[in-house]
Amino acid sequence: MSEHIAVLVVDDEDRIRRLLKMYLEREGYEVDEAENGAIALEMALEKDYHCIILDIMMPEKNGLEVIAELREQKTTPILLLTAKGEEVDRVQGFELGADDYIVKPFSPREVVLRVKAVLRRSVTISPISTSTSSKELVVFPNLIIDHDAHRVTADGAEVNLTPKEYELLYFLAKSPDKVFDREQLLKEVWHYDFFGDLRTVDTHVKRLREKLNRVSEKAAKMIVTVWGVGYKFEVFNE
């Protein structure tokens, strides 16, 4: 399955790039390397990678600058590599559109698991409402999710989401009024079978609401916080 999956590893430390390349190639991935942000951005715009492993602190362009510029054109999943104490940078990375992060020093095996989690997509999803054609649509009064095209529109305006933001919205929308705690969302959306950072969920929910709210306040309010528990998707009757 992984023979056609291309991963870009971006880090200014040659040792880290070679280590990750070795582990990822063992899984059958095609791996390219970039030693700084400027080269990485050029490569990522030129080639359609399935995942980018991106260090934050780099010469030429840092990882945050790369994300900001890349997100203007592509929604390639991004896994950030961060040092301890860079929490502010991690949060900013999420806000710019990163999908996940891992802290240095790290286990290469954990990076491989995170890459697999970022890449994995659910293929057994039942839509809430479908059109009479074969096109799979999830339809609410203020929100439409076209799952075939991975396109979201709110009040008629398209909402540009990263892959993980889309998955989170789609997962919640499949089960209106069902409450999911953060651990469940990490397992079901991020596919973690091990403990992950619960703030990952909170940051993605925050970013998702902000993007929906830009075009539809009603659509944004459909993602509801259940205090002390987690989140749910709620359809309000007018």
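Positions are given from 1, in the same order as the sequence printed here. Remember, it's a predicted structure, so these values are computed and weren't measured experimentally.
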A.B. asks: Show the nearest heavy-atom pair for residues P59 and N36, with the distance to one decimal.
C.D. replies: O-CB, 3.5 Å

A.B. asks: Is there a donor-acceptor contact under 3.5 Å from the side chain of R71 to the main chain of V66?
C.D. replies: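 Answer holds: no.
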
A.B. asks: For D12 and E35: C-alpha separation, side-chain torsions, deciding distance, then whether side-chain contact (heavy atoms from CB on, under 4.5 Å) applies.
C.D. replies: CA-CA 4 Å; D12 58 335; E35 63 186 25; 5.6 Å; no

A.B. asks: Dump the intermediate steps for salt bridge (charged side-chain N to carboxylate O under 4.0 Å, His left out) on E210 and K206, then the final yes or no.
C.D. replies: CA-CA 6 Å; E210 288 175 350; K206 177 176 178 286; 2.9 Å; yes

A.B. asks: Could you pull out all residues at least two apart from F180 that satisfy ring-ring contact (aromatic ring centres under 6.0 Å, His included)?
C.D. replies: F171

A.B. asks: Looking at K221, I'd like to know if its NZ atom is crowded, meaning that more than 12 non-hydrogen atoms belonging to other residues, nucleotides or ligands lie closer than 6.0 Å.
C.D. replies: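 No, NZ of K221 has 12 or fewer neighbouring heavy atoms, counting only those of other groups under 6.0 Å.
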
A.B. asks: With rounding to the nearest 0.5 angstrom, report the CG to CD1 distance, L212 to I223.
C.D. replies: 5.0 Å

A.B. asks: Tell me, please, which residues at least two apart from R15 pass salt bridge (Lys or Arg N to Asp or Glu O under 4.0 Å).
C.D. replies: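 Result, salt bridge (Lys or Arg N to Asp or Glu O under 4.0 Å) vs R15: E13.
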
A.B. asks: Ignoring hydrogens and angles, tell me if any N or O in the side chain of E110 forms a donor-acceptor pair with the backbone of S107 under 3.5 Å.
C.D. replies: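 Flag not set: sc E110 to bb S107 has no pair under 3.5 Å.
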
A.B. asks: Which heavy atom of L70 sits nearest to which heavy atom of L45, and what is that distance?
C.D. replies: CD1-CD2, 3.7 Å

A.B. asks: To the nearest 0.5 Å, tell me how far L172 CG sits from K232 NZ.
C.D. replies: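 Atom-to-atom, L172:CG and K232:NZ are 11.5 Å apart.
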
A.B. asks: Do W190 and H204 have side-chain heavy atoms sitting under 4.5 Å apart?
C.D. replies: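 Contact flag for W190/H204 side chains = yes.
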
A.B. asks: Would a hydrophobic clustering, with Ile, Leu, Val, Met, Phe, Trp and Tyr connected at side-chain separations under 4.5 Å, put L169 with V179?
C.D. replies: no

A.B. asks: If you look at every heavy atom in V235 and D177, which pair is closest and at what distance?
C.D. replies: N-OD1, 4.4 Å

A.B. asks: For the backbone of V189 and the side chain of K164, can you confirm whether one donor and one acceptor N or O come within less than 3.5 Å of each other?
C.D. replies: yes

A.B. asks: Under the rule for side chain to side chain donor-acceptor pair (under 3.5 Å), what residues qualify as partners of E33, not counting sequence neighbours?
C.D. replies: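 Only R17 meet the side chain to side chain donor-acceptor pair (under 3.5 Å) criterion with E33.
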
A.B. asks: At what distance, to the nearest 0.5 angstrom, does NZ of K21 lie from CD1 of I16?
C.D. replies: 15.5 Å

A.B. asks: Can you tell me if E217 has over 12 outside heavy atoms packed within less than 6.0 Å of its CD?
C.D. replies: no

A.B. asks: Is a side-chain N or O of D99 found less than 3.5 angstrom from the main chain of I78, in a donor-acceptor match?
C.D. replies: yes

A.B. asks: Taking the inter-plane angle between the rings of H150 and Y166 on a 0 to 90° scale, is it parallel (under 30°), tilted (30 to 60°) or perpendicular (over 60°)?
C.D. replies: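 The arrangement is parallel - the two ring planes meet at less than 30°.
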
A.B. asks: Restricting to side-chain contact (heavy atoms from CB on, under 4.5 Å), what partner residues turn up for V112, sequence neighbours left out?
C.D. replies: Y23, L24, E27, K116

A.B. asks: Under a 4.5 Å cut-off applied to non-hydrogen side-chain atoms, are L20 and L81 in contact?
C.D. replies: yes

A.B. asks: Please examine the side chains of H147 and Y170, heavy atoms only from C-beta on, and report whether any two atoms are closer than 4.5 Å.
C.D. replies: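 Heavy-atom side-chain distance check passes, below 4.5 Å.
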
A.B. asks: Within this structure, what is the OH-OG1 distance for the pair Y101 and T82, rounded to the nearest 0.5 Å?
C.D. replies: 6.5 Å

A.B. asks: Which heavy atom of V139 sits nearest to which heavy atom of I144, and what is that distance?
C.D. replies: CG1-CG1, 4.3 Å

A.B. asks: With sequence neighbours left out, write down each residue that passes ring-ring contact (aromatic ring centres under 6.0 Å, His included) with F233, or none if nothing qualifies.
C.D. replies: F140

A.B. asks: If you look at every heavy atom in R209 and A220, which pair is closest and at what distance?
C.D. replies: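 Where R209 meets A220 most closely, the heavy atoms are O-CB, 3.6 Å.
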
A.B. asks: First locate atom SG of C51, then atom CZ of R114, and finally report the distance between them rounded to the nearest 0.5 Å.
C.D. replies: 12.0 Å

A.B. asks: Quick one: does S175's side chain have a donor or acceptor within less than 3.5 Å of a partner on K178's backbone?
C.D. replies: no

A.B. asks: Looking at CD1 of I52 and CG of L79, how far apart are the two atoms once the value is rounded to the nearest 0.5 Å?
C.D. replies: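 Separation between the atoms: 10.5 Å.
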
A.B. asks: Should we say atom CD of E25 is surrounded by more than 12 heavy atoms from elsewhere, each under 6.0 Å from it?
C.D. replies: yes

A.B. asks: Can you see whether N142 engages D155 through a side-chain donor-acceptor pair at a distance of less than 3.5 angstrom?
C.D. replies: yes

A.B. asks: Name all residues meeting the ring-ring contact (aromatic ring centres under 6.0 Å, His included) criterion together with Y231; count only those two or more places apart in sequence or in a different chain, and write none if there are none.
C.D. replies: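 If we apply the ring-ring contact (aromatic ring centres under 6.0 Å, His included) test to Y231, skipping adjacent residues, there are no hits.
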
A.B. asks: Is V226 reachable from V205 through a run of hydrophobic residues whose side-chain heavy atoms are each under 4.5 Å from the next?
C.D. replies: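 Looking at the clustering, V226 is in a separate group from V205.
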
A.B. asks: Quick check: is L64 connected to I39 through a chain of hydrophobic side chains (ILVMFWY, heavy atoms under 4.5 Å apart)?
C.D. replies: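 I39 and L64: one cluster.
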
A.B. asks: If we ignore hydrogens and angles and just use 3.5 Å, is the side chain of Q184 paired with the main-chain N or O of D181 as donor and acceptor?
C.D. replies: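 Present.
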
A.B. asks: Test your reading of the model: is there a side-chain donor-acceptor pair from R182 to the backbone of D202, 3.5 Å cut-off?
C.D. replies: no

A.B. asks: To check you understand the geometry: which heavy-atom pair defines the closest contact between K74 and K47, and what is its length?
C.D. replies: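 Of all heavy-atom pairs spanning K74 and K47, the closest is NZ-O, 3.1 Å.
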
A.B. asks: Looking at K211 and N160, would you say the former's side chain and the latter's main chain have a donor-acceptor pair under 3.5 Å?
C.D. replies: yes

A.B. asks: Apply the side chain to side chain contact (heavy atoms under 4.5 Å, CB included) test between L80 and each candidate in L96, I53, I67, V103; give the one that qualifies.
C.D. replies: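 So the option named by the test is I67.
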
A.B. asks: Is there a chain of hydrophobic side chains (I, L, V, M, F, W, Y, each step under 4.5 Å between heavy atoms) that links V229 to L208?
C.D. replies: no

A.B. asks: For the side chain of H50 and the backbone of V7, is there at least one donor-acceptor N/O pair under 3.5 Å apart?
C.D. replies: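 Pair absent, no side-chain N/O of H50 close to backbone of V7.
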
A.B. asks: Using a 4.5 Å cut-off on heavy atoms from C-beta on, say whether the side chain of L19 contacts that of M22.
C.D. replies: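 M22 vs L19: side chains touch.
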
